[in-house]
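Have a look at the structure below before the remarks.
Residue numbers start from 1 in every chain, and the chains themselves are labelled A, B, ... in the order their sequence lines are given, proteins ahead of strands.
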Amino acid sequence: MAKHAMRSVGGTAWASLACTRSQLRLDLNLGCGQNFRWKETGDGHWTGVMGGRVWTLTQTDDRLWYHVYNNKDGHKEEDNRKRKACGSAQQLNKSEKRRKVNMKEEENDEPVTVTVKKEGEEEMLVDYFQLNVNLEELYREWGLADPHFKHISNIFTGIRMLRQNPTECLFSFICTSNNHISRIQGMVDNLCRSLGMPLCELDGTTYYDFPSLSALADDKVEALLRDLGFGYRARFLQQSAKHILEKHGPDWLQGLRSTPYLQARDALRSLPGVGLKVADCACLMSLDKADAVPVDTHVWQIAKRDYKCAAGSAQKTLTDKVYRDIGDFFRQLWGPYAGWAQSVLFCADLKKFQKLKEMPSVKLEDDKKASPPIKKAKLKMKNKKLNKIEKPRSVCHKKAKLAPQDK
DNA sequence: GGTCAACCTGG
DNA sequence: CAGGTTGAC
């Protein structure tokens, strides 16, 4: 039977691309509630579904390693048709910069784990993690404008924005209302298991693709999901899918990627179960709106506690006006990638990551105002010159092995 | 425009 | 109560 790939075990084909931990931290990115489907299946190994395929990812100090599993036979055609419909393979060729790939071909003909087709896989990863965006440079800019960010960011490096499939993103976040991460994960899991296509089986666990819009739109879906414990969200999910297909068409969500932010957000808000917060999540995490700032109760607290943001300090609840004011406040502070910056602070606020703050780690520059200015200037210049070259920086990244508690 | 309660379920 | 949305004042 097929097993989850482990880099230390061998017998599996792995490929890798250059990527430092300051550009990407898998543990933080895949466990902070941007996406609810990645699981740590081995020490530092994360397995999940992306682009209709099952992947295991892991990283070393300066490389991101990946293994892609073959889907079961008999599902491939359906799978391809579906991916085409979602258009998730588009816009991949933005990556001008070719990265060096280590391919270890494997001749072993074991049915499921052998990687046959490697074309496009690196591009899919670059697209999913948006690796063409230089995160270190963004961190530097945010830190310059915002001392509090600078403080937090010394520990929480490598938090970037995933570029998710819009359908998965929107419908996952419809599940988040009045809910917590641990339960959301279970719900999204159930959603895929009951309505998604099976992709492959590893160590007895079957991985499923996220359901298509047409699967979600079926009239029987509400009752089905209610039985699975989705509560009032069952109707939102089914009705939103139906609404999209009937009033717009299967490619509508994807098309919102080229619609201006506020216009796209308003469009999403016409769907049942989609308010400002859910619409902003979909905008930020799947529709290329880097300035969308989802404001939940946590971010509201952060705004008041850490930024003395006056907006809504008098209000009892998060009204639409307060919501917009807080978003504007952060956009003014952080600029066009405000949504990305917000996710760093959000992540740092999660209970499961609090341990990271207590560790001695490398919070050097923050408390070292006395550090020689010349050295700093030099470093800055160096970074500017080398542009996308990352400065290697060892970061203590001991995993927070805590119960699936959120906040 | 702001406030409030209801909505499902389980940690 | 929990990473919200809705409908009614």
Side-chain angles (χ1 to χ4, degrees), chain A residues 28-37 159 161-162 164 168-191 194 221-241 243 265-286 292-306 310-328 330 339-354 402-407:
Chain A
L28 299 181
N29 273 280
L30 301 180
C32 72
Q34 282 186 49
N35 180 285
F36 304 97
R37 302 243 286 146
I159 300 174
M161 198 49 57
L162 302 181
Q164 302 182 237
E168 169 168 354
C169 188
L170 176 64
F171 285 82
S172 295
F173 277 94
I174 288 177
C175 299
T176 63
S177 75
N178 211 349
N179 211 345
H180 24 40
I181 293 182
S182 53
R183 187 153 84 102
I184 297 166
Q185 286 168 335
M187 286 170 55
V188 174
D189 220 50
N190 278 331
L191 194 59
S194 54
V221 164
E222 178 180 352
L224 173 72
L225 295 182
R226 274 195 182 268
D227 285 342
L228 288 172
F230 280 67
Y232 61 90
R233 304 170 197 85
R235 186 164 38 91
F236 288 159
L237 292 165
Q238 191 270 332
Q239 288 193 160
S240 279
H243 182 108
R265 185 173 71 176
D266 282 342
L268 292 175
R269 284 230 292 160
S270 67
L271 303 170
V274 182
L276 280 171
K277 161 64 165 57
V278 171
D280 267 339
C281 286
C283 280
L284 175 64
M285 305 179 196
S286 71
V293 178
V295 180
D296 53 35
T297 52
H298 294 220
V299 174
W300 190 22
Q301 297 314 310
I302 291 173
K304 288 188 289 192
R305 174 184 14 108
D306 301 329
S313 46
Q315 263 64 32
K316 180 94 162 56
T317 54
L318 188 55
T319 64
D320 279 11
K321 175 167 169 43
V322 174
Y323 186 102
R324 290 172 213 269
D325 285 348
I326 293 176
D328 289 341
F330 283 126
W340 289 48
Q342 173 267 3
S343 78
V344 176
L345 293 194
F346 180 84
C347 182
D349 216 49
L350 290 175
K351 184 172 243 167
K352 59 155 63 147
F353 294 133
Q354 291 313 297
L402 292 184
Q405 259 303 347
D406 318 323
K407 163 87 201 198

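Nearest-nucleotide mapping onto DNA chain C: of A/Asn179 and A/Phe236, the residue sitting toward the 5' end is A/Asn179.
A/Ile181 has its CD1 atom 17 Å from the C1' atom of B/dT9, to the nearest Å. Rounding to whole angstrom units, CG of residue A/Asn178 and P of C/dT5 are separated by 10 Å. Rounded to whole Å, atom C1' of C/dG7 lies 14 Å from atom CZ of A/Arg269. Summarising the geometry, the separation between CE on A/Met187 and C1' on B/dC7 is reported as 12 Å, rounded to the nearest angstrom. Atom CZ in A/Arg235 sits roughly 16 Å away from atom C1' in B/dT9 (whole-Å rounding). For the pair A/Asp280 CG and C/dT5 C1', the interatomic distance rounds to 14 Å; values are reported in whole Å. Computed from coordinates, the A/Asp320 CG to B/dC4 P distance equals 16 Å when rounded to whole Å. C/dC9 atom C1' lies 17 Å from atom NZ of A/Lys316, rounded to whole Å.
The base of C/dG4 is not paired with the side chain of A/Tyr323 by any donor and acceptor separated by under 3.5 Å. Judged by distance alone with a 3.5 Å cut-off, a donor-acceptor contact links the side chain of A/Arg233 to the base of B/dC8.
Side-chain nitrogen and oxygen atoms of A/His180 include none within less than 4.0 Å of the OP1 or OP2 phosphate oxygen of C/dG3. Put simply, A/Thr319 has no side-chain N or O that comes within less than 4.0 Å of OP1 or OP2 on B/dG1.
Listed nucleotides C/dG3, B/dC8, B/dT3 differ in distance to A/Arg226; the shortest reach to its side chain belongs to B/dC8. Taking every side-chain heavy atom of A/Lys321 into account, B/dG1 is the closest of C/dG3, B/dC8, B/dG1. Here the side chain of A/Tyr232 is nearest to one of C/dG3, B/dG2, C/dG4, namely C/dG4.
The CD atom of A/Gln354 lies 6.5 Å from the CG atom of A/Asp349; values are rounded to the nearest 0.5 Å. A/Leu318 contributes atom CG, which lies 10.5 Å from atom CG of A/Asp325 (distance to the nearest 0.5 angstrom).
When both distances must be under 3.5 Å, the Watson-Crick or G-U wobble mate of B/dC8 does not exist. Searching all strands for a Watson-Crick or G-U wobble partner of C/dG3 with both distances below 3.5 Å returns nothing.
Nucleic acid contact for A/Val278: sugar-phosphate only, since backbone atoms but no base atoms lie under 4.0 Å from a heavy atom of the residue. When heavy atoms are screened at a 4.0 angstrom cut-off, A/Ile174 is found touching no nucleic acid atom at all. Nucleic acid contact for A/Val322: none, since no nucleic acid atom lies under 4.0 Å from a heavy atom of the residue. Note on A/Gly273: only backbone sugar-phosphate atoms sit closer than 4.0 angstrom, heavy atoms only; bases stay farther off. Across all strands, A/Phe346 comes closer than 4.0 Å to base atoms (heavy-atom distances). Using a 4.0 Å heavy-atom distance criterion, A/Cys347 is classed as making no nucleic acid contact. Backbone-only engagement by A/Leu271 is indicated by non-hydrogen atom pairs under 4.0 Å involving sugar-phosphate atoms exclusively.
Taking the C1' atom of each, B/dG2 and C/dG3 are spaced 22 Å apart, rounded to whole Å. For C/dA8 and B/dC8, the P atoms lie 16 Å apart once the distance is rounded to whole Å.
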- For the pair A/Phe353 and A/Phe346, evaluate ring pair (Phe, Tyr, Trp, His ring centres under 6.0 Å) and give the outcome as yes or no after the intermediate values. CA-CA 10 Å; A/Phe353 294 133; A/Phe346 180 84; 9.9 Å; no

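Here the closest heavy-atom approach between residue A/Val295 and residue A/Lys277 is recorded as O-CD, 4.0 Å. Taking every heavy atom of both residues into account, A/Trp300 and A/Gly312 meet most closely at CZ2-O, 3.3 Å.
Panel note: side chain A/Arg233, backbone A/Ser177; a donor-acceptor pair is recorded below 3.5 Å. No donor-acceptor pair closer than 3.5 Å links the side chain of A/Gln164 to the backbone N or O of A/Cys169.
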